Amino acid sequence: MSKIDITAAKYSGDRPTWKFFMSELKPKGKWLTPFNIISIPIMILGLILIVIRFWKGLGSITNLTQEVPWGLWIGFDVVTGVAFAGGAYVITFMVYILNMHKYHSIVRVVVLNGFLAYLFYAGALVLDLGRPWHVINPIIGNSFGTNSVLFLVAWHFLLYMIAQLIEFSPAVAEWLGARRALKILSGMTLVAVIFGITLSTLHQSGLGALYLMAKGKIHPLWYSEFIPILFFVSSIFAGLSMVIFEGSLSYKVFFQQISEKNQKSHHGIIHGLAKICALTMFAYFSLQVLIFIHGQNWSLLNTGMGRWFLLEMIGFVVVPMVLYFYSYRRNNIFLIKLASILTMLGIILNRLNVTIIGFNWDAAVRYVPSWMEIVVTLAVIFTEIWVFRWVVNRMPVLRELPFVVKKEKLITG
Amino acid sequence: MKIDRRLFFKVLGATGASVALGTSLKAAPRKQEEKEVEFYGVLYDSTRCVGCQTCEFSCAEAHGLPEPSGAPEAGVIRKINEKNRTVVNVYKTSRGDVFVKTQCMHCSQPACVAACLTQAMQKTKEGSVIWRGEKCMGCRYCMVSCPFDVPKFEYHSANPVIQKCTMCYDRLKEGKIPACVENCPNQALMFGTRRELIKEGHKRIVENPDQYVDYIYGEQEAGGTAFLYLSPVPFHELGFNTHIQKTSYPELSKGFLYSVPSIFVLLPPILLGIYDATKNKNKEEENE
Ligand code: SF4
Ligand code: SF4
């Protein structure tokens, strides 16, 4: 917050800054919505569990074992969460690099979502660290484990969050009415975008590369030297499906904030994204087939894990892919949304299969997450939604301020 | 149309910073073999082991760990854990009961060390792989990566440590040999440089071909390990993981790590080029 404080103090001149912030901190609208009634107790419970976890050790609330040292918090929160956050780099690529202006109206909300996802889901990593007081070691000092993939991923998370913050910062500047800052920050957008896309390419694949050394520990149907490429390609449609799904929700919840022009373009955007999803899923599926043939794992298909693999590939890759193609041709928004949900389930399944279900799959003691791990995960997700709602209700994320349009001409022109 | 010069330099600057990070990465995976060091190791001869557990007890004593519980029993596999750095098990084999001691293999190119992002795991020049608490952040990536599932984590502590055999690094520095080797009453364990031990192992196999299978486990496994095993029966009968690859595990992620600097150098200018091309195209369309 301190950074924003300074900008505000500098640029908002005539209003008393603290009063502005105090009023902005208060929630807007009704308190007793169903969402609040469900989320508040879970967030409080999650907080209590986190206190217990730091007090008594990871084993007190997680079911992690010596054979499966990374559980739900890494496999779902970090690995899956970051895949879903991939929408931000894909959309910024389309809008700023390919100059597809059609998608411009959703850039901000997608970037905000991406940033918060990294902040909270990658932040969940800290909960999982056994010795978090040393978390600073790989960032400063003489403890660079430079040939570690995790070192690379950690650094890229950090840098990418900075890039996303810069991409989003014009919205903050507008909220604070800081015109000069707005101009400077907007000028940095393209650089941040280029840097951000490069970082995303590397850490989306890097998350897969983390598991390269676990050869022999991951079920052969999910392990191949191409995990990084598979993770990268799937992050494209994972991210876009999230954009479709989340966009439809925001569209309903924040309807009154969206300008009439953008309401009209909403369907066009979803329609266009469906096509990209279908095409990248086709590429992904072809890759999976090639890798499968290359791996010569035919005999494994007739095992329990093999059927599980087929379910993932057919039920949650081929089916949503066909659905995307079909609904794109038919221009059926409802089916597109259905496809996006199936795709997201497939991504969850895939990431969990690599990180948890297929990891040391033959271990004597199976890891099943405890209810407390699930509650903490939900608490993290709810907190993220709370912050998202707070920001959307205040900053020009979905709505447009009159002078934005002019400024944007200035930047791209 | 030309790319705006200021913009170009900004991108260049950002790329430069990341290349600095990238090149340090590239320089990082130094080759262990290049430094002419002789790693120490331990040769374990299972035909001499009588399962007395002296190694277990002396290990616990030397490292201040609780006294080991249980004894080798056929059909029961005791595992190393966060309280035990080494255990001895017994296996019923085609040639009777055979004892096997388990501990960290001290790989020549350890996966755990390549995994560690804080350099808490370290391959010392003596050859032992040690863990340093003042650096470790408890991410447990070493456990994910170790092909032998060796590092163990204290899940029930607020200040957890990674427990693993260190080949008694502290004792090595004092000029002593590992506690288990020193105390073994039957000379089942032998300490020396890895090269000597491999020679010794082959000598024993050649002199007593009936007593041993012609294989030293650890000579090639995972690119070579400092703990080496002799056995009277094929190793799979003794519960060894015989699917361990013969090349080093860090090799598996090297390709990815090497590609990082080139992506950092190549991708930003490509993106900038595409940006420029599409920008002009859009302008032309507007003009038409
Ligand atoms: S056996 Fe595992 S813990 Fe021991 S050196 Fe090899 S990789 Fe590291
Ligand atoms: S748990 Fe500690 S020793 Fe193991 S990889 Fe992480 S930082 Fe390194």
Side-chain angles (χ1 to χ4, degrees), chain A residues 54-60 62 64 66-67 69-70 93 96-99 101 125 128-135 137-138 143-152 154-155 159 188 190-191 193-195 197-199 201-202 205-206 209-217 225 228 359-360 412, chain B residues 7 10-11 14-15 18 21 24-25 27-29 79 81-82 111 114-120 133-141 143-145 147 149 152-160 241 243-245 249-250 252-253 255-257 260 263-264 267-268 271-272 274-275 278-279 281-282:
Chain A
F54 280 108
W55 178 30
K56 293 249 161 126
L58 271 167
S60 59
T62 70
L64 295 170
Q66 301 292 355
E67 282 79 27
W70 282 358
F93 175 70
Y96 292 107
I97 304 297
L98 295 180
N99 283 302
H101 296 302
L125 203 79
D128 199 68
L129 292 182
R131 306 164 67 84
W133 49 93
H134 285 157
V135 66
N137 272 351
S143 302
F144 278 8
T146 42
N147 39 0
S148 162
V149 180
L150 190 58
F151 175 79
L152 194 96
W155 261 96
L159 293 175
M188 288 159 72
L190 185 62
V191 178
V193 164
I194 289 180
F195 198 49
I197 295 170
T198 312
L199 288 166
T201 316
L202 287 169
S205 49
L210 281 180
Y211 289 88
L212 285 176
M213 276 201 284
K215 185 180 183 182
K217 291 197 189 184
E225 61 206 284
F359 191 87
N360 269 341
T412 45
Chain B
L7 181 69
K10 269 197 270 180
V11 172
T15 320
S18 43
L21 190 66
S24 73
L25 271 171
K79 284 189 169 169
N81 57 37
E82 70 273 28
C116 184
L117 74 171
T118 61
Q119 292 183 354
E134 74 277 12
K135 292 190 182 275
C136 172
M137 58 186 224
C139 67
R140 307 190 296 289
Y141 186 32
M143 301 169 72
V144 170
S145 304
D149 274 335
K152 302 294 175 199
F153 181 80
E154 292 180 333
Y155 284 110
H156 290 280
S157 159
N159 183 8
N241 182 347
H243 301 298
I244 295 284
Q245 63 172 19
Y249 276 77
L252 292 168
S253 52
F256 176 78
L257 285 168
V260 169
I263 290 185
F264 252 127
L267 198 52
L271 292 174
L272 200 57
I274 301 176
Y275 159 76
T278 53
K279 187 181 74 180
K281 204 184 98 209
N282 283 1

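A note on names: the letters A, B, ... follow the listed sequences, proteins ahead of strands, and every chain is numbered from 1. Remember, it's a predicted structure, so these values are computed and weren't measured experimentally.
- One finds the CD1 atom of A:I197 at 7.5 Å from the CG atom of B:L267 (value rounded to the nearest 0.5 Å).
- Residue A:W55 places its CH2 atom among 12 or fewer non-hydrogen atoms of other residues, nucleotides or ligands, all under 6.0 Å distant.
- The CG atom of A:L58 sits 9.5 Å away from atom NE2 of B:H156, with the distance rounded to the nearest 0.5 Å.
- For the pair B:A115 and A:S148, the tightest heavy-atom approach, listed with the atom from each and the gap, is O-OG, 2.6 Å.
- Between A:N137 and B:T118, the side chains place no donor N or O within less than 3.5 Å of an acceptor N or O (distance only, hydrogens not considered).
- Across A:T201, A:T62, A:L199, A:L129, the residue that shares the most heavy-atom pairs under 4.5 angstrom with chain B is A:L129.
- Here the CD atom belonging to A:Q66 is positioned 9.0 Å from the CZ atom belonging to B:F153, to the nearest 0.5 angstrom.
- Contact count versus chain B (heavy atoms, under 4.5 Å) is highest, among A:S60, A:P69, A:G216, for A:P69.
- Within the 3.5 Å criterion, the main-chain N or O of B:C139 finds a donor-acceptor partner in the side chain of A:W70.
- The contact between A:K56 and chain B is made entirely by backbone atoms, counting heavy-atom distances below 4.5 Å.
- Put simply, of B:P250, B:C136, B:S145, B:A111, the one with the most heavy-atom pairs under 4.5 Å next to chain A is B:C136.
- A donor-acceptor contact shorter than 3.5 Å is absent between the side chain of B:K279 and the backbone of A:N99.
- Taking OG of B:S157 as the reference point, atom CZ of A:R131 lies at 8.5 Å (rounded to 0.5 Å).
- At a 4.5 Å heavy-atom cutoff, the contact between A:T198 and chain B is made by backbone and side-chain atoms alike.
- For the atom pair A:I97 CD1 and B:Y275 OH, the distance stands at 8.0 Å (nearest 0.5 Å).
- In this structure, the portions of A:L210 lying under 4.5 Å from any heavy atom of chain B include both its backbone and its side chain.
- For A:P228, the part lying near chain B is the side chain, with the backbone staying farther off; criterion is any non-hydrogen pair under 4.5 Å.
- Atom CD in B:Q119 sits 9.0 Å away from atom CZ in A:F151 (nearest 0.5 Å).
- Interface residue B:P147: only backbone heavy atoms are found under 4.5 Å from chain A.
- The minimum heavy-atom distance linking A:K215 with B:L252 is given by the pair CB-CD1, 3.8 Å.
- Contacts between A:S205 and chain B at a heavy-atom distance below 4.5 Å involve backbone atoms as well as side-chain atoms.
- If you tally non-hydrogen atom pairs under 4.5 Å between each of B:N81, B:V144, B:I263, B:D149 and chain A, the highest count goes to B:V144.
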inquiry  = The test is side chain to side chain contact (heavy atoms under 4.5 Å, CB included); show your working for B:Y141 and A:V149 and say whether it passes.
reply    = CA-CA 10 Å; B:Y141 186 32; A:V149 180; 4.1 Å; yes
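- Salt bridge status for B:K79 with A:E67: present, with a side-chain N to carboxylate O gap under 4.0 Å.
- Annotation: maximal heavy-atom pairing with chain B below 4.5 Å, among A:V135, A:L64, A:L125, A:N360, occurs at A:L64.
- Ring orientation note: the planes of A:F195 and B:F264 are tilted relative to one another, at an angle of 30° to 60°.
- With a 4.5 Å cut-off on side-chain heavy atoms, A:Y96 and B:L271 do not count as touching.
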